[in-house]
Amino acid sequence: MVTDEAPRALAPAVALPATLVPADQRQPIGRWRPKSGHNAAYLELTADGKWHGSDGCNDQGGRWITAAGGTLLATARASTLAFCADSVPIEQWVTTARRAGLDGTALVLFDARGDETARLSPTS
């Protein structure tokens with residue numbers, strides 16, 4: 001059954017704020033860390049379209065691709081689900097993001113409604 005939520009989930013994402021540089025397949029490559037949470041949490045985007053990360057306790061990963069205007073699509077593979085204090089929802093941030101942009105050196109992720117869901121800093 002198709003619910004009212006289905007068309008909203010498939011609707012085009014809201015455009016990035018004009019102050020951000022849209023991410024493309026090269027710009028977000030590298031290792032990123034969240035501003036708070038578990039100190040072992042990270043997101044790494046590689047040139048071959050793979051992403052790796054950790055919420056602080058669980059290894060996570062999948063595939064990613066970008067398109068015009070900072071459009072982002074990412075999938076995730078199965079991962080462990082060990083509890084950890086101060087865990088960071090890296091996998092959720094990546095797989096629910098529909099746009100990505102750069103604000104100076106920060107990588108900023110947005111959901112389809114245009115709400116900022118994550119802001120990450122480069123590790124080097």
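Since this is a predicted model, take the numbers as computed values, not measurements.
Residue pairs meeting the side-chain hydrogen bond (donor to acceptor under 3.5 Å, both in side chains) criterion with at least one partner in residues 32-41, sequence neighbours excluded, are Lys35-Ser121. Pairs engaging residues 65-74 under the side-chain hydrogen bond (donor to acceptor under 3.5 Å, both in side chains) rule: Gln25-Thr66, Thr71-Arg99 [sequence neighbours left out]. The salt bridge (Lys or Arg N to Asp or Glu O under 4.0 Å) contacts involving residues 13-26 comprise Asp24-Arg26, where partners must be two or more places apart or lie in separate chains.
Of the possible donor and acceptor atoms, none in the side chain of Trp64 sits under 3.5 Å from a partner among the backbone N and O of Ala74. In terms of modelled atom types and a separation under 3.5 Å, the side chain of Asp55 and the main chain of Asn58 share a donor-acceptor contact.
Closest approach of Tyr42 and His52 over heavy atoms only: CE1-O, 3.7 Å. The shortest non-hydrogen separation linking Trp93 to Val88 is CH2-CG1, 3.3 Å. Closest non-hydrogen pair, Pro34 versus Ala41, comes out as CD-O, 3.5 Å.
The hydrophobic cluster containing Leu102 also contains Leu120, counting ILVMFWY residues as joined when their side-chain heavy atoms lie under 4.5 angstrom apart, directly or transitively. There is a path of hydrophobic side-chain contacts, each under 4.5 Å, that joins Leu16 to Val108.
Contact of the Leu43 side chain with the Leu45 side chain is registered, since non-hydrogen atoms from C-beta on lie closer than 4.5 Å. Inter-residue side-chain proximity for Arg98 and Asp111 is flagged as unmet; no heavy-atom pair is nearer than 4.5 Å. The side-chain heavy atoms of Glu91 and Trp51, taken from C-beta on, include a pair separated by under 4.5 Å.
When hydrophobic residues (I, L, V, M, F, W, Y) are linked wherever their side-chain heavy atoms come within less than 4.5 Å, Val14 remains an isolated member. Hydrophobic cluster membership of Leu73, counting Ile, Leu, Val, Met, Phe, Trp and Tyr whose side-chain heavy atoms lie under 4.5 Å apart directly or via other members: Ile65.
Thr95 contributes atom OG1, which lies 11.0 Å from atom CD1 of Ile90 (distance to the nearest 0.5 angstrom). The distance from atom CD of Gln92 to atom CD of Gln60, rounded to the nearest 0.5 Å, is 10.5 Å.
For Ala100, the side-chain contact (heavy atoms from CB on, under 4.5 Å) test picks out Ala23, Leu72, Leu107, Leu109, with sequence neighbours left out.
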